[in-house]
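Here is the structure we will look at, set down as C-alpha cells.
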Amino acid sequence: MNNSEHNHLVVMAGGVGSRFWPMSTPECPKQFIDVLGTGRTFLQMTVDRFAGIVDRRNVWIVTSQQYADLVKEQLPDVPSEQILLEPCRRNTAPCIAYVAWRIKKQDAQANLVVAPSDHLVMNGEEFRRVIASALAFTAESDAIVTLGMRPTRPETGYGYIQADMSAPSLRNSEIFRVDRFREKPDLATAKKYVQHEEYYWNSGIFVWSVKTIVNAMRIYQSDIADIFEALFPVLGTERERDAIDENFPRCPNISIDYAVMEKAEEIFVMPADFGWSDVGTWGSLLTLMPHDGDGNAVVGQEVKLYESSGCMVHTSGLRRVVVQGLDGYIVAEKNGTLLICRMEEEQRIKEFSAD
C-alpha cells in the first residue's frame, strides 16, 4: 500500500448547509455531526478512512473561521497550523489554491488527495486501494485524476463525468481520459447516462501533485494564482493569518470544476465502486442504513416501531421512542427539537428550520 511521506490529505470542511436538520444547523453543519450513530462525525470518518495512505501529520483541513474550534475538538491530533481558516466563502477553487500553495511551502514534492468532509464510504478497504493507485499515478505524471463513481440509479442530484473508455492509460489500466464533464441532468437524461458505461457520478474527490495543481492554477486561473504567489513568502509564518484575512476575499467565487477541471488537458477519471454517497438527504440516509422487515431505519437507543414502514428515525438524544402508524416519514430529534415530516416533503425542511 502506498505510504509515501509525501502523501497529503486535504479535507474541505467549510460548508454551512443545514441538511439533516434538526441534527445539523448553520452553527454545526453536516460534516460535524454523527448522522450514522457510530460515535464518529462525517469529518472524523473522512480522515479515518485514509489510515495507511496518509500520515496524520500530513492531514490538512480547510474550513471557515467559525468552525475552527469544532475542527480542533474533533481532530485533536491534526496540527493546528494545518487547520487553514477561510475568512469568507469563495467556493472550492480558492480553497484548493490556498492549501496547495501552503503545502508547497512545506513539501514541494507533495502528492495530494482533496476530499469533501461530508461524504460516506461503505467499503473502506476498496477505497484505500483506489486512492493508493491514483496517488501512485499522479506521483509519476502531471495528470489530474478525479474519482468517478459507478452510478447505481438515475440520480439527478450529481454531476457526471463522461469518460473516454476506448483506451486506458498506459501507466494504469483502471484510469481513463475524461471526455466531458456533465452538469446535473434531468431525470430523462440521467436514465440515459445509467445505460452507458462511460458515465460516472462526479464524486468531488481529486488526486494530483502539488506541482500539477499549482501549475494548472497559473495557466487557467492566473488571478487566483497571482494572489497566492504574492502571499507565498508569508505562508507558514505568524503573518499568514492577517495576510489571508486581507487577501483571500479578493479571490473570485468559482468552483474547481469550472476553474480548472473543465479547462485542463491532462484530466483523467478513475472509475470506482466502494459504496459512495454524499448523503445529502434523510431519504438518501434511509437507503444506506440497515432496515427492519418493514423498511425502517433507526438511529437511537431504544426505538420501537409499530405498523410503520419506510421511516427514517434518528433520535439518539432520547432514551425511548415509540412510533405507530407512520409510512414514509422522517422522525428526527436534537437538543429538544423534534421533526416529524413526510419523506416526500423533505425539500421543505429548510422552511421549517427557518421558522
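Without hydrogens or angle criteria, S117 side chain to Q31 main chain gives no donor-acceptor distance under 3.5 Å. R90 places a side-chain N or O within 3.5 Å of a backbone atom of C251 that can act as its donor or acceptor partner.
Under the 4.5 Å side-chain heavy-atom criterion for grouping Ile, Leu, Val, Met, Phe, Trp and Tyr, V145 is not connected to V114 through any hydrophobic cluster. Using a 4.5 Å cut-off between side-chain heavy atoms of Ile, Leu, Val, Met, Phe, Trp and Tyr, with links allowed through other members, Y67 and V59 fall into the same hydrophobic cluster. Linking ILVMFWY side-chain heavy atoms closer than 4.5 Å, directly or via other members, places V260 and W101 in a single hydrophobic cluster. Residues F206 and V214 fall within the same hydrophobic cluster, defined by Ile, Leu, Val, Met, Phe, Trp and Tyr side chains chained together at heavy-atom separations under 4.5 Å. The hydrophobic cluster containing I205 also contains V54, counting ILVMFWY residues as joined when their side-chain heavy atoms lie under 4.5 angstrom apart, directly or transitively.
A 6.0 Å sphere centred on CD of E238 holds no more than 12 heavy atoms belonging to other residues, nucleotides or ligands. Within a 6.0 Å radius of CG in D186, more than 12 heavy atoms belonging to other residues, nucleotides or ligands are found. For R239, the CZ atom sits in a loose shell: 12 or fewer heavy atoms of surrounding residues, nucleotides or ligands are nearer than 6.0 Å. More than 12 heavy atoms of other residues, nucleotides or ligands lie within 6.0 Å of CD in Q301, so this atom counts as buried by the packing criterion.
Closest non-hydrogen pair, R40 versus D34, comes out as O-OD1, 3.2 Å. The two residues P94 and P252 come nearest to each other via the heavy atoms CG-O, 3.2 Å. Taking both residues in full, the closest heavy atoms of P116 and S203 are given as CG-O, 4.2 Å, listed atom of the first, atom of the second, then distance.
Remark: F42 engages no residue in a ring-ring contact (aromatic ring centres under 6.0 Å, His included) (not counting sequence neighbours). Applying the side chain to side chain contact (heavy atoms under 4.5 Å, CB included) criterion to T315, with sequence neighbours excluded, gives V303, V313, L318, V321, V331, E333. For S308, there are no side chain to side chain donor-acceptor pair (under 3.5 Å) partners two or more places apart in sequence or in a different chain. Residues forming a side chain to side chain contact (heavy atoms under 4.5 Å, CB included) with K263 (at least two apart in sequence, or on another chain): Y220, Q221. Applying the ring-ring contact (aromatic ring centres under 6.0 Å, His included) test to Y199 and every residue at least two apart in sequence or in another chain returns Y193. Judged as a side chain to side chain donor-acceptor pair (under 3.5 Å), and not counting sequence neighbours, the contacts of T138 are N111. When the side chain to side chain contact (heavy atoms under 4.5 Å, CB included) test is applied to T287, no partner is found at least two apart in sequence or on another chain. Every residue two or more places apart in sequence or in another chain was checked for a ring-ring contact (aromatic ring centres under 6.0 Å, His included) with F248, and none qualifies. Residues forming a ring-ring contact (aromatic ring centres under 6.0 Å, His included) with Y200 (at least two apart in sequence, or on another chain): none. A search for side chain to side chain contact (heavy atoms under 4.5 Å, CB included) contacts involving P79 returns E81, Q82, not counting sequence neighbours. With sequence neighbours left out, the side chain to side chain donor-acceptor pair (under 3.5 Å) criterion links H8 to W60, D107.
Ion pairing of R56 with D48 is present here, as a side-chain N (NZ or NE/NH1/NH2) and a carboxylate O approach within less than 4.0 Å. For the pair R177 and E266, the salt-bridge criterion is met [side-chain N within less than 4.0 Å of a carboxylate O]. A salt bridge does not link E246 with R241: every distance from a Lys NZ or Arg NE/NH1/NH2 to an Asp or Glu carboxylate oxygen is 4.0 Å or more.
Remark: K105 is positioned above the aromatic ring of F232, its terminal NZ or CZ atom under 6.0 angstrom from the ring centre and at most 45 degrees off the axis. Annotation: cation-pi geometry satisfied between R49 and F127 (NZ/CZ under 6.0 angstrom from ring centroid, within 45° of ring axis).
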TODO: Would you sort out whether W208 and F268 count as a ring pair (Phe, Tyr, Trp, His ring centres under 6.0 Å), showing the intermediate values?
DONE: CA-CA 10 Å; W208 45 47; F268 294 83; over 10 Å; no
TODO: Please assess N172 against S133 for the test side-chain hydrogen bond (donor to acceptor under 3.5 Å, both in side chains), listing each intermediate value before the final yes or no.
DONE: CA-CA 8 Å; N172 188 320; S133 180; 2.7 Å; yes
Side-chain polar contacts of residues 147-156 - donor-acceptor pairs under 3.5 angstrom, sequence neighbours left out - could you list them?
from : atom 1 : to   : atom 2 : distance (Å)
R153 : NE     : E155 : OE1    : 3.0
R153 : NH2    : E155 : OE1    : 3.1
E155 : OE2    : G157 : N      : 2.7

